[in-house]
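These notes concern the structure reproduced below.
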Number of protein chains: 2
Amino acid sequence: MPWSRRKLAPRQHVFLQGDDKNHVHLVKSGYLRLYALLSNGRRQIIGFKTAGDFVALESGSTYRYSAQAVSATELHTVPISAFFAVAADDPQFLLRLYNMVCDNLSAAHDLVVTIAKRDAEESMAAFLLDIEARALGRKGKSDFVSLPMLRGDVADYLGLTSETVSRIFTNFKKRGYIEVRGRHGIRLLNRRALREISDRNARDFS
Amino acid sequence: MPWSRRKLAPRQHVFLQGDDKNHVHLVKSGYLRLYALLSNGRRQIIGFKTAGDFVALESGSTYRYSAQAVSATELHTVPISAFFAVAADDPQFLLRLYNMVCDNLSAAHDLVVTIAKRDAEESMAAFLLDIEARALGRKGKSDFVSLPMLRGDVADYLGLTSETVSRIFTNFKKRGYIEVRGRHGIRLLNRRALREISDRNARDFS
DNA sequence: CGGGTTATTGAATGATATCAACTTACGTGG
DNA sequence: CCACGTAAGTTGATATCATTCAATAACCCG
(Lines give C-alpha, C1' and ligand atoms only; values in the text may rest on other atoms or scores of the structure.)
Protein backbone atom coordinates (compact mmCIF):
# COMPACT_ATOMS: atom_id res chain seq x y z
CA MET A 1 0.00 0.00 0.00
CA PRO A 2 1.48 3.36 -1.01
CA TRP A 3 1.91 5.91 1.72
CA SER A 4 3.71 9.16 2.31
CA ARG A 5 5.13 10.74 5.40
CA ARG A 6 4.03 14.11 6.65
CA LYS A 7 5.24 16.40 9.40
CA LEU A 8 3.10 19.07 11.02
CA ALA A 9 3.95 21.98 13.25
CA PRO A 10 1.61 22.97 16.07
CA ARG A 11 -1.61 24.54 14.77
CA GLN A 12 -1.07 23.15 11.30
CA HIS A 13 -4.05 21.34 9.81
CA VAL A 14 -4.07 17.83 8.37
CA PHE A 15 -7.38 18.66 6.68
CA LEU A 16 -10.35 20.92 7.11
CA GLN A 17 -13.99 20.18 7.66
CA GLY A 18 -15.63 20.05 4.24
CA ASP A 19 -12.48 19.11 2.29
CA ASP A 20 -12.74 16.23 -0.15
CA LYS A 21 -11.71 13.11 1.65
CA ASN A 22 -8.93 11.57 -0.40
CA HIS A 23 -6.72 10.16 2.31
CA VAL A 24 -6.67 8.19 5.50
CA HIS A 25 -4.07 9.08 8.12
CA LEU A 26 -2.14 7.20 10.74
CA VAL A 27 -0.55 9.16 13.57
CA LYS A 28 3.06 8.12 14.21
CA SER A 29 3.92 10.65 16.89
CA GLY A 30 2.54 13.83 18.37
CA TYR A 31 -1.02 14.85 19.07
CA LEU A 32 -4.00 15.89 16.99
CA ARG A 33 -7.31 17.48 17.89
CA LEU A 34 -10.38 16.70 15.82
CA TYR A 35 -12.99 19.39 15.93
CA ALA A 36 -16.14 20.62 14.28
CA LEU A 37 -16.74 24.30 13.79
CA LEU A 38 -20.38 25.01 14.50
CA SER A 39 -22.39 27.43 12.47
CA ASN A 40 -22.41 29.76 15.45
CA GLY A 41 -18.63 29.95 15.49
CA ARG A 42 -18.05 27.78 18.48
CA ARG A 43 -15.71 24.86 18.31
CA GLN A 44 -16.53 21.37 19.52
CA ILE A 45 -13.60 19.03 19.89
CA ILE A 46 -14.79 15.50 19.23
CA GLY A 47 -11.57 13.72 20.06
CA PHE A 48 -7.81 13.66 20.33
CA LYS A 49 -5.55 11.32 18.38
CA THR A 50 -2.12 10.11 19.30
CA ALA A 51 0.48 7.62 18.07
CA GLY A 52 -1.14 4.53 16.60
CA ASP A 53 -4.52 6.08 15.98
CA PHE A 54 -6.17 6.17 12.57
CA VAL A 55 -7.92 9.33 11.43
CA ALA A 56 -10.77 9.61 8.93
CA LEU A 57 -11.85 5.99 8.77
CA GLU A 58 -15.46 7.12 8.52
CA SER A 59 -17.51 6.89 5.37
CA GLY A 60 -18.52 9.91 3.35
CA SER A 61 -16.82 11.80 0.58
CA THR A 62 -15.87 14.87 2.61
CA TYR A 63 -14.36 15.31 6.07
CA ARG A 64 -16.99 16.08 8.67
CA TYR A 65 -14.49 17.72 11.00
CA SER A 66 -11.07 19.33 10.94
CA ALA A 67 -7.86 17.74 12.16
CA GLN A 68 -5.14 19.97 13.56
CA ALA A 69 -1.80 19.37 15.22
CA VAL A 70 -1.70 20.26 18.90
CA SER A 71 2.03 19.65 19.13
CA ALA A 72 4.56 18.71 16.46
CA THR A 73 3.14 15.64 14.79
CA GLU A 74 4.22 13.03 12.28
CA LEU A 75 1.82 10.94 10.29
CA HIS A 76 1.55 8.53 7.43
CA THR A 77 -0.98 9.32 4.76
CA VAL A 78 -2.58 6.77 2.43
CA PRO A 79 -4.81 7.47 -0.59
CA ILE A 80 -8.25 6.32 0.37
CA SER A 81 -8.77 4.42 -2.89
CA ALA A 82 -5.66 2.32 -2.31
CA PHE A 83 -6.64 1.86 1.29
CA PHE A 84 -10.07 0.45 0.56
CA ALA A 85 -8.80 -1.52 -2.40
CA VAL A 86 -6.62 -3.43 0.03
CA ALA A 87 -9.48 -3.66 2.50
CA ALA A 88 -11.87 -5.08 -0.07
CA ASP A 89 -9.36 -7.83 -0.92
CA ASP A 90 -8.49 -8.61 2.65
CA PRO A 91 -11.52 -9.35 4.85
CA GLN A 92 -9.22 -9.75 7.80
CA PHE A 93 -7.99 -6.21 7.39
CA LEU A 94 -11.48 -4.89 6.80
CA LEU A 95 -12.62 -6.57 9.98
CA ARG A 96 -9.87 -4.82 11.89
CA LEU A 97 -10.98 -1.49 10.46
CA TYR A 98 -14.51 -2.34 11.41
CA ASN A 99 -13.46 -2.93 14.98
CA MET A 100 -11.51 0.31 15.07
CA VAL A 101 -14.54 2.29 14.01
CA CYS A 102 -16.55 0.43 16.61
CA ASP A 103 -14.06 1.54 19.22
CA ASN A 104 -14.40 5.10 17.97
CA LEU A 105 -18.14 4.78 18.33
CA SER A 106 -17.79 3.60 21.90
CA ALA A 107 -15.48 6.50 22.59
CA ALA A 108 -18.04 8.91 21.16
CA HIS A 109 -20.69 7.40 23.43
CA ASP A 110 -18.37 7.85 26.38
CA LEU A 111 -17.91 11.48 25.42
CA VAL A 112 -21.66 11.95 25.32
CA VAL A 113 -21.91 10.49 28.79
CA THR A 114 -19.08 12.66 30.06
CA ILE A 115 -20.50 15.87 28.64
CA ALA A 116 -24.06 15.23 29.67
CA LYS A 117 -23.07 14.88 33.30
CA ARG A 118 -23.85 18.57 33.43
CA ASP A 119 -21.58 19.16 36.34
CA ALA A 120 -18.23 20.61 35.44
CA GLU A 121 -16.40 18.83 38.25
CA GLU A 122 -17.80 15.47 37.25
CA SER A 123 -16.84 15.97 33.63
CA MET A 124 -13.35 17.06 34.55
CA ALA A 125 -12.77 14.18 36.93
CA ALA A 126 -13.93 11.72 34.27
CA PHE A 127 -11.72 13.41 31.71
CA LEU A 128 -8.59 13.26 33.85
CA LEU A 129 -9.13 9.61 34.69
CA ASP A 130 -9.68 8.82 31.04
CA ILE A 131 -6.60 10.68 29.88
CA GLU A 132 -4.48 8.93 32.44
CA ALA A 133 -5.90 5.51 31.61
CA ARG A 134 -5.12 6.04 27.95
CA ALA A 135 -1.57 7.13 28.71
CA LEU A 136 -1.03 4.41 31.28
CA GLY A 137 -0.82 1.90 28.49
CA ARG A 138 2.63 3.30 27.85
CA LYS A 139 4.04 4.64 31.08
CA GLY A 140 4.50 3.44 34.63
CA LYS A 141 1.97 4.09 37.33
CA SER A 142 1.65 7.18 39.52
CA ASP A 143 3.75 9.17 37.13
CA PHE A 144 3.18 12.51 35.49
CA VAL A 145 1.00 12.28 32.43
CA SER A 146 1.40 14.58 29.49
CA LEU A 147 -1.55 16.81 28.73
CA PRO A 148 -0.51 18.22 25.38
CA MET A 149 -3.70 20.15 24.74
CA LEU A 150 -4.52 23.63 26.01
CA ARG A 151 -7.08 24.49 28.67
CA GLY A 152 -9.30 25.81 25.92
CA ASP A 153 -9.11 22.44 24.19
CA VAL A 154 -10.30 20.67 27.30
CA ALA A 155 -13.09 23.22 27.56
CA ASP A 156 -14.20 22.75 23.95
CA TYR A 157 -14.03 19.01 24.41
CA LEU A 158 -16.19 18.93 27.53
CA GLY A 159 -18.52 21.75 26.61
CA LEU A 160 -17.19 24.13 29.26
CA THR A 161 -15.23 27.37 29.22
CA SER A 162 -11.49 27.60 29.72
CA GLU A 163 -12.07 29.64 32.88
CA THR A 164 -14.13 26.88 34.40
CA VAL A 165 -11.53 24.29 33.46
CA SER A 166 -8.88 26.43 35.08
CA ARG A 167 -10.90 26.88 38.25
CA ILE A 168 -11.45 23.16 38.60
CA PHE A 169 -7.77 22.43 38.10
CA THR A 170 -7.01 24.85 40.91
CA ASN A 171 -9.71 23.36 43.07
CA PHE A 172 -8.48 19.79 42.56
CA LYS A 173 -4.96 20.96 43.33
CA LYS A 174 -6.07 22.59 46.58
CA ARG A 175 -7.86 19.45 47.63
CA GLY A 176 -4.73 17.44 46.89
CA TYR A 177 -6.29 15.32 44.17
CA ILE A 178 -3.83 16.30 41.47
CA GLU A 179 -0.43 17.85 41.01
CA VAL A 180 0.27 20.11 38.08
CA ARG A 181 3.69 20.72 36.57
CA GLY A 182 3.96 23.44 34.00
CA ARG A 183 1.12 23.63 31.53
CA HIS A 184 1.23 20.12 30.23
CA GLY A 185 2.18 17.92 33.12
CA ILE A 186 -0.33 16.38 35.49
CA ARG A 187 -0.25 13.62 38.04
CA LEU A 188 -3.23 12.11 39.79
CA LEU A 189 -2.67 11.87 43.52
CA ASN A 190 -6.08 10.66 44.59
CA ARG A 191 -7.77 8.57 41.95
CA ARG A 192 -10.35 7.33 44.40
CA ALA A 193 -11.60 10.83 45.14
CA LEU A 194 -11.68 11.66 41.44
CA ARG A 195 -13.62 8.52 40.72
CA GLU A 196 -16.13 9.39 43.42
CA ILE A 197 -16.60 12.83 41.94
CA SER A 198 -16.92 11.39 38.47
CA ASP A 199 -19.55 8.94 39.69
CA ARG A 200 -21.35 10.95 42.30
CA ASN A 201 -25.02 11.46 42.23
CA ALA A 202 -26.21 14.97 41.57
CA ARG A 203 -28.99 14.42 44.04
CA ASP A 204 -26.79 13.24 46.87
CA PHE A 205 -28.33 11.82 50.01
CA SER A 206 -25.37 12.58 52.24
CA MET B 1 -28.76 -16.56 7.91
CA PRO B 2 -30.97 -17.82 10.76
CA TRP B 3 -33.13 -15.28 12.50
CA SER B 4 -36.08 -15.19 14.85
CA ARG B 5 -38.86 -12.72 15.31
CA ARG B 6 -39.48 -10.94 18.58
CA LYS B 7 -42.24 -8.68 19.81
CA LEU B 8 -41.83 -6.25 22.67
CA ALA B 9 -44.35 -4.31 24.70
CA PRO B 10 -43.53 -0.76 25.83
CA ARG B 11 -40.85 -0.70 28.55
CA GLN B 12 -39.71 -4.21 27.72
CA HIS B 13 -35.99 -4.64 27.23
CA VAL B 14 -34.25 -6.18 24.26
CA PHE B 15 -31.12 -6.50 26.37
CA LEU B 16 -29.44 -4.87 29.33
CA GLN B 17 -26.14 -3.07 29.66
CA GLY B 18 -23.57 -5.69 30.70
CA ASP B 19 -25.40 -8.70 29.21
CA ASP B 20 -23.39 -11.06 27.06
CA LYS B 21 -23.73 -9.98 23.49
CA ASN B 22 -24.98 -12.98 21.58
CA HIS B 23 -27.27 -11.35 19.04
CA VAL B 24 -27.62 -8.53 16.59
CA HIS B 25 -31.05 -6.97 16.13
CA LEU B 26 -32.90 -5.36 13.30
CA VAL B 27 -35.89 -3.19 14.09
CA LYS B 28 -38.90 -3.99 11.88
CA SER B 29 -41.41 -1.63 13.45
CA GLY B 30 -41.80 0.45 16.59
CA TYR B 31 -39.28 2.47 18.51
CA LEU B 32 -36.35 1.68 20.79
CA ARG B 33 -34.31 3.80 23.14
CA LEU B 34 -30.66 2.95 23.76
CA TYR B 35 -29.37 4.17 27.07
CA ALA B 36 -26.53 3.87 29.50
CA LEU B 37 -27.19 3.87 33.20
CA LEU B 38 -24.47 5.88 34.89
CA SER B 39 -22.97 4.86 38.17
CA ASN B 40 -24.74 7.78 39.80
CA GLY B 41 -28.12 6.47 38.75
CA ARG B 42 -28.77 8.94 35.98
CA ARG B 43 -29.70 7.74 32.55
CA GLN B 44 -28.11 8.93 29.33
CA ILE B 45 -29.98 8.06 26.17
CA ILE B 46 -27.47 7.64 23.38
CA GLY B 47 -29.92 7.14 20.57
CA PHE B 48 -33.29 6.00 19.29
CA LYS B 49 -33.81 3.24 16.77
CA THR B 50 -36.69 2.76 14.39
CA ALA B 51 -37.69 0.51 11.48
CA GLY B 52 -34.68 -0.46 9.37
CA ASP B 53 -32.07 0.29 12.00
CA PHE B 54 -29.59 -2.29 13.25
CA VAL B 55 -28.81 -2.49 16.95
CA ALA B 56 -25.62 -3.77 18.56
CA LEU B 57 -23.31 -3.77 15.56
CA GLU B 58 -20.47 -2.62 17.78
CA SER B 59 -17.60 -4.85 18.80
CA GLY B 60 -17.16 -6.15 22.32
CA SER B 61 -18.44 -9.21 24.09
CA THR B 62 -21.01 -7.45 26.26
CA TYR B 63 -23.58 -4.77 25.55
CA ARG B 64 -22.38 -1.34 26.59
CA TYR B 65 -25.89 0.03 26.90
CA SER B 66 -29.46 -1.15 27.36
CA ALA B 67 -32.10 -1.29 24.63
CA GLN B 68 -35.72 -0.84 25.62
CA ALA B 69 -38.97 -0.55 23.70
CA VAL B 70 -40.56 2.89 23.80
CA SER B 71 -43.69 1.72 22.03
CA ALA B 72 -44.73 -1.76 20.85
CA THR B 73 -41.84 -2.99 18.75
CA GLU B 74 -41.06 -5.87 16.45
CA LEU B 75 -37.57 -6.98 15.63
CA HIS B 76 -35.55 -9.69 14.00
CA THR B 77 -32.77 -11.21 16.02
CA VAL B 78 -29.71 -12.96 14.57
CA PRO B 79 -27.04 -14.90 16.50
CA ILE B 80 -23.92 -12.85 16.34
CA SER B 81 -21.75 -15.79 15.34
CA ALA B 82 -23.90 -16.52 12.29
CA PHE B 83 -24.03 -12.86 11.49
CA PHE B 84 -20.28 -12.39 11.41
CA ALA B 85 -19.74 -15.73 9.74
CA VAL B 86 -21.71 -14.40 6.82
CA ALA B 87 -19.93 -11.07 7.03
CA ALA B 88 -16.49 -12.69 6.96
CA ASP B 89 -17.42 -14.59 3.79
CA ASP B 90 -19.03 -11.64 2.09
CA PRO B 91 -16.79 -8.55 1.95
CA GLN B 92 -19.61 -6.66 0.28
CA PHE B 93 -21.84 -7.26 3.27
CA LEU B 94 -19.07 -6.45 5.72
CA LEU B 95 -18.47 -3.20 3.91
CA ARG B 96 -22.12 -2.29 4.30
CA LEU B 97 -21.90 -3.01 8.02
CA TYR B 98 -18.78 -0.91 8.18
CA ASN B 99 -20.62 1.99 6.61
CA MET B 100 -23.52 1.58 9.00
CA VAL B 101 -21.26 1.81 12.00
CA CYS B 102 -19.64 4.84 10.40
CA ASP B 103 -23.06 6.44 10.17
CA ASN B 104 -23.66 5.63 13.81
CA LEU B 105 -20.36 7.28 14.62
CA SER B 106 -21.37 10.40 12.74
CA ALA B 107 -24.68 10.40 14.58
CA ALA B 108 -22.85 10.16 17.90
CA HIS B 109 -20.69 13.11 16.90
CA ASP B 110 -23.82 15.05 16.04
CA LEU B 111 -25.23 14.23 19.44
CA VAL B 112 -22.08 15.53 21.08
CA VAL B 113 -22.43 18.74 19.13
CA THR B 114 -26.10 19.04 20.02
CA ILE B 115 -25.56 18.47 23.72
CA ALA B 116 -22.53 20.67 24.02
CA LYS B 117 -24.41 23.65 22.67
CA ARG B 118 -25.12 24.23 26.32
CA ASP B 119 -28.21 26.24 25.64
CA ALA B 120 -31.40 24.31 26.15
CA GLU B 121 -33.25 26.13 23.39
CA GLU B 122 -30.51 25.48 20.89
CA SER B 123 -30.39 21.80 21.74
CA MET B 124 -34.15 21.47 21.51
CA ALA B 125 -34.39 23.27 18.18
CA ALA B 126 -31.68 21.06 16.74
CA PHE B 127 -33.40 18.00 18.14
CA LEU B 128 -36.77 18.85 16.62
CA LEU B 129 -35.27 19.57 13.22
CA ASP B 130 -33.35 16.32 13.35
CA ILE B 131 -36.35 14.25 14.36
CA GLU B 132 -38.42 15.75 11.58
CA ALA B 133 -35.69 15.25 8.99
CA ARG B 134 -35.40 11.61 9.93
CA ALA B 135 -39.16 11.11 9.71
CA LEU B 136 -39.48 13.12 6.52
CA GLY B 137 -37.89 10.29 4.62
CA ARG B 138 -41.22 8.52 4.97
CA LYS B 139 -43.96 11.12 5.16
CA GLY B 140 -45.05 14.17 3.24
CA LYS B 141 -43.93 17.64 4.16
CA SER B 142 -45.43 19.99 6.75
CA ASP B 143 -47.22 17.13 8.40
CA PHE B 144 -47.40 16.03 11.99
CA VAL B 145 -44.43 13.97 13.02
CA SER B 146 -44.65 11.24 15.60
CA LEU B 147 -42.61 11.76 18.71
CA PRO B 148 -42.94 8.36 20.34
CA MET B 149 -40.63 9.06 23.25
CA LEU B 150 -41.54 10.76 26.50
CA ARG B 151 -40.45 14.21 27.61
CA GLY B 152 -38.09 12.57 30.05
CA ASP B 153 -36.51 10.67 27.17
CA VAL B 154 -35.82 13.87 25.30
CA ALA B 155 -34.36 15.29 28.49
CA ASP B 156 -32.08 12.31 29.08
CA TYR B 157 -31.04 12.42 25.44
CA LEU B 158 -30.10 16.09 25.46
CA GLY B 159 -28.75 16.30 28.98
CA LEU B 160 -31.62 18.43 30.29
CA THR B 161 -34.48 17.90 32.71
CA SER B 162 -38.01 17.05 31.69
CA GLU B 163 -39.20 20.34 33.17
CA THR B 164 -36.89 22.30 30.94
CA VAL B 165 -37.97 20.30 27.91
CA SER B 166 -41.57 21.01 28.80
CA ARG B 167 -40.94 24.73 29.23
CA ILE B 168 -39.27 24.97 25.85
CA PHE B 169 -42.10 23.13 24.15
CA THR B 170 -44.50 25.64 25.64
CA ASN B 171 -42.27 28.51 24.64
CA PHE B 172 -41.93 27.33 21.04
CA LYS B 173 -45.71 26.87 20.92
CA LYS B 174 -46.32 30.40 22.15
CA ARG B 175 -43.97 31.79 19.57
CA GLY B 176 -45.78 29.84 16.87
CA TYR B 177 -42.80 27.72 15.90
CA ILE B 178 -44.45 24.38 16.57
CA GLU B 179 -47.84 22.85 17.07
CA VAL B 180 -48.33 20.00 19.51
CA ARG B 181 -51.10 17.41 19.31
CA GLY B 182 -51.50 15.10 22.25
CA ARG B 183 -48.30 13.81 23.75
CA HIS B 184 -46.72 12.37 20.67
CA GLY B 185 -47.66 14.58 17.79
CA ILE B 186 -45.67 17.57 16.68
CA ARG B 187 -45.55 19.73 13.60
CA LEU B 188 -42.95 22.33 12.79
CA LEU B 189 -44.56 25.58 11.69
CA ASN B 190 -41.47 27.74 11.40
CA ARG B 191 -38.40 25.76 10.47
CA ARG B 192 -36.46 28.88 9.63
CA ALA B 193 -36.83 30.25 13.14
CA LEU B 194 -35.88 26.92 14.64
CA ARG B 195 -32.84 26.73 12.45
CA GLU B 196 -31.79 30.19 13.52
CA ILE B 197 -32.13 29.23 17.16
CA SER B 198 -30.23 26.02 16.55
CA ASP B 199 -27.43 27.93 14.85
CA ARG B 200 -27.34 31.13 16.82
CA ASN B 201 -24.27 32.36 18.49
CA ALA B 202 -24.28 32.36 22.26
CA ARG B 203 -22.41 35.62 22.16
CA ASP B 204 -24.76 37.37 19.80
CA PHE B 205 -23.87 40.77 18.40
CA SER B 206 -27.45 41.82 17.66
C1' DC C 1 15.52 38.83 28.84
C1' DG C 2 11.29 40.45 26.68
C1' DG C 3 6.92 40.05 24.21
C1' DG C 4 3.00 37.57 23.22
C1' DT C 5 0.23 33.85 24.21
C1' DT C 6 -1.96 31.09 27.67
C1' DA C 7 -3.64 30.55 32.22
C1' DT C 8 -5.50 32.06 36.56
C1' DT C 9 -8.40 34.62 39.57
C1' DG C 10 -12.36 37.72 40.87
C1' DA C 11 -17.14 39.67 40.78
C1' DA C 12 -21.53 39.82 38.75
C1' DT C 13 -24.93 37.95 35.80
C1' DG C 14 -27.97 34.67 34.02
C1' DA C 15 -29.64 30.09 32.73
C1' DT C 16 -31.12 25.68 34.23
C1' DA C 17 -31.85 22.45 38.02
C1' DT C 18 -34.58 21.59 41.82
C1' DC C 19 -38.61 21.28 44.60
C1' DA C 20 -43.41 21.36 44.74
C1' DA C 21 -48.17 21.99 43.30
C1' DC C 22 -51.26 21.33 39.90
C1' DT C 23 -53.30 19.82 35.28
C1' DT C 24 -53.79 16.93 31.41
C1' DA C 25 -53.78 12.76 28.90
C1' DC C 26 -54.83 8.12 28.33
C1' DG C 27 -55.76 3.21 29.11
C1' DT C 28 -58.43 0.21 31.85
C1' DG C 29 -62.38 -1.70 33.72
C1' DG C 30 -66.95 -1.12 34.84
C1' DC D 1 -68.61 4.15 25.93
C1' DC D 2 -67.83 6.73 29.80
C1' DA D 3 -65.56 7.45 34.42
C1' DC D 4 -61.94 6.91 36.93
C1' DG D 5 -57.13 6.47 38.45
C1' DT D 6 -52.50 6.72 37.51
C1' DA D 7 -48.65 8.18 34.97
C1' DA D 8 -47.00 11.99 32.37
C1' DG D 9 -46.72 16.70 31.61
C1' DT D 10 -46.97 21.61 32.83
C1' DT D 11 -46.15 25.62 35.48
C1' DG D 12 -44.18 28.47 39.25
C1' DA D 13 -40.64 30.00 42.81
C1' DT D 14 -36.16 29.61 44.30
C1' DA D 15 -31.30 28.27 44.53
C1' DT D 16 -27.22 26.91 42.35
C1' DC D 17 -23.58 26.77 39.36
C1' DA D 18 -21.29 27.93 35.05
C1' DT D 19 -20.61 31.77 32.05
C1' DT D 20 -19.20 36.25 31.09
C1' DC D 21 -16.36 40.23 31.43
C1' DA D 22 -12.25 42.01 33.14
C1' DA D 23 -7.75 42.28 35.19
C1' DT D 24 -3.55 40.05 36.58
C1' DA D 25 -0.10 36.43 36.50
C1' DA D 26 2.62 32.64 34.60
C1' DC D 27 4.71 30.47 30.89
C1' DC D 28 7.59 29.78 26.84
C1' DC D 29 9.75 30.98 22.58
C1' DG D 30 13.03 33.39 20.34
Side-chain angles (χ1 to χ4, degrees), chain A residues 9-11 33 40-44 70-72 114-125 127 146-174 178-186 197 200-206, chain B residues 9-11 33 40-44 70-72 114-125 127 146-174 178 180-186 197 200-205:
Chain A
R11 296 183 154 280
R33 59 179 146 247
N40 59 27
R42 254 170 312 170
R43 181 185 70 152
Q44 175 63 42
V70 172
S71 52
T114 301
I115 291 178
K117 280 173 181 290
R118 311 244 88 204
D119 179 308
E121 264 195 8
E122 289 180 42
S123 297
M124 283 289 296
F127 171 74
S146 170
L147 208 71
M149 72 288 282
L150 309 177
R151 298 290 183 270
D153 289 330
V154 179
D156 287 348
Y157 184 59
L158 298 178
L160 303 170
T161 60
S162 64
E163 292 95 327
T164 299
V165 170
S166 194
R167 275 183 247 277
I168 291 171
F169 265 86
T170 304
N171 193 268
F172 282 175
K173 254 189 305 194
K174 276 182 187 157
I178 63 174
E179 187 184 344
V180 176
R181 192 173 56 185
R183 275 175 186 173
H184 302 299
I186 191 162
I197 290 173
R200 81 170 156 221
N201 198 328
R203 98 178 55 183
D204 207 329
F205 300 106
S206 65
Chain B
R11 298 183 152 277
R33 60 178 146 247
N40 59 25
R42 255 171 312 171
R43 181 184 70 152
Q44 176 62 42
V70 172
S71 52
T114 300
I115 291 177
K117 280 172 181 291
R118 311 245 88 204
D119 178 306
E121 265 194 7
E122 289 180 41
S123 296
M124 283 289 295
F127 172 74
S146 171
L147 207 70
M149 73 286 283
L150 308 177
R151 298 290 183 270
D153 289 331
V154 178
D156 287 349
Y157 183 58
L158 298 177
L160 303 169
T161 60
S162 63
E163 291 96 328
T164 299
V165 170
S166 192
R167 275 183 245 277
I168 291 171
F169 265 86
T170 305
N171 194 269
F172 282 175
K173 256 189 306 195
K174 276 181 186 156
I178 64 173
V180 176
R181 192 172 57 185
R183 276 175 187 172
H184 301 299
I186 191 162
I197 290 174
R200 81 172 157 220
N201 198 328
R203 93 177 60 181
D204 207 330
F205 299 106

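Just so it is clear, the structure is predicted and the values come from calculations on it, not from any experiment. Numbers restart at 1 for each chain; the letters A, B, ... are given by sequence-line order, proteins then strands.
Salt-bridge annotation for B/Asp153 and B/Arg43: present, with a side-chain N of the basic residue lying under 4.0 Å from a carboxylate O of the acidic one.
Residue A/Thr161 places at least one side-chain N or O closer than 4.0 Å to OP1 or OP2 of D/dT19. Here A/Thr164 does not reach the OP1 or OP2 of D/dA18: none of its side-chain N or O atoms lies under 4.0 Å away. Distances shorter than 4.0 Å separate some side-chain N or O of B/Thr170 from OP1 or OP2 on D/dT11.
Each of B/Ile178, B/Leu160, B/Asp119, B/Thr114 was evaluated against B/Met124; a single residue qualifies, B/Leu160, per the side chain to side chain contact (heavy atoms under 4.5 Å, CB included) test.
Protein atom CD of B/Glu163 is 15 Å distant from nucleotide atom C1' of D/dA7, rounded to whole Å. What separates NE2 of B/His184 from P of D/dA7 is a distance of 15 Å, to the nearest Å. In this structure, A/Leu158 atom CG and D/dT19 atom P are separated by 10 Å, rounded to whole Å. Straight-line distance from the CZ atom of B/Phe169 to the C1' atom of D/dT11: 16 Å, rounded to whole Å. In this structure, A/Arg11 places its CZ atom 15 Å from P of D/dC28, rounding to the nearest Å. As a whole-Å value, the separation of A/Arg183 CZ from C/dT8 P is 8 Å. B/Ile168 has its CD1 atom 8 Å from the P atom of C/dA17, to the nearest Å. A straight line from NZ of A/Lys174 to P of C/dT9 spans 6 Å, rounded to a whole angstrom.
Minimum heavy-atom separation, A/Ala116 to B/Gly159: CB-CA, 4.3 Å. Heavy-atom minimum distance, A/Ile197 versus A/Glu122: O-CG, 3.2 Å. Heavy atoms only, all atoms of each residue included: B/Leu147 and B/Phe169 are closest at CD2-CZ, 3.8 Å.
In the set C/dT18, D/dG9, D/dT19, D/dG9 carries the atom at the smallest distance from any side-chain atom of B/Ser166. Of the candidates C/dT5, D/dA8, D/dA18, D/dA18 carries the atom nearest the A/Leu160 side chain, counting heavy atoms from C-beta on. Here the side chain of B/Leu150 is nearest to one of C/dA17, D/dG9, C/dT6, namely D/dG9.
Residues A/Ala120 and B/Arg151 both approach DNA chain D. Their nearest nucleotides, taken by heavy-atom distance, put B/Arg151 toward the 5′ side. Comparing A/Gly159 and B/Met149 by the nucleotide of DNA chain D whose heavy atom lies nearest to each, the residue mapping closer to the 5' end is B/Met149.
For D/dT20, the base has a donor-acceptor partner in the side chain of A/Arg167 [N/O atoms by modelled type, under 3.5 angstrom].
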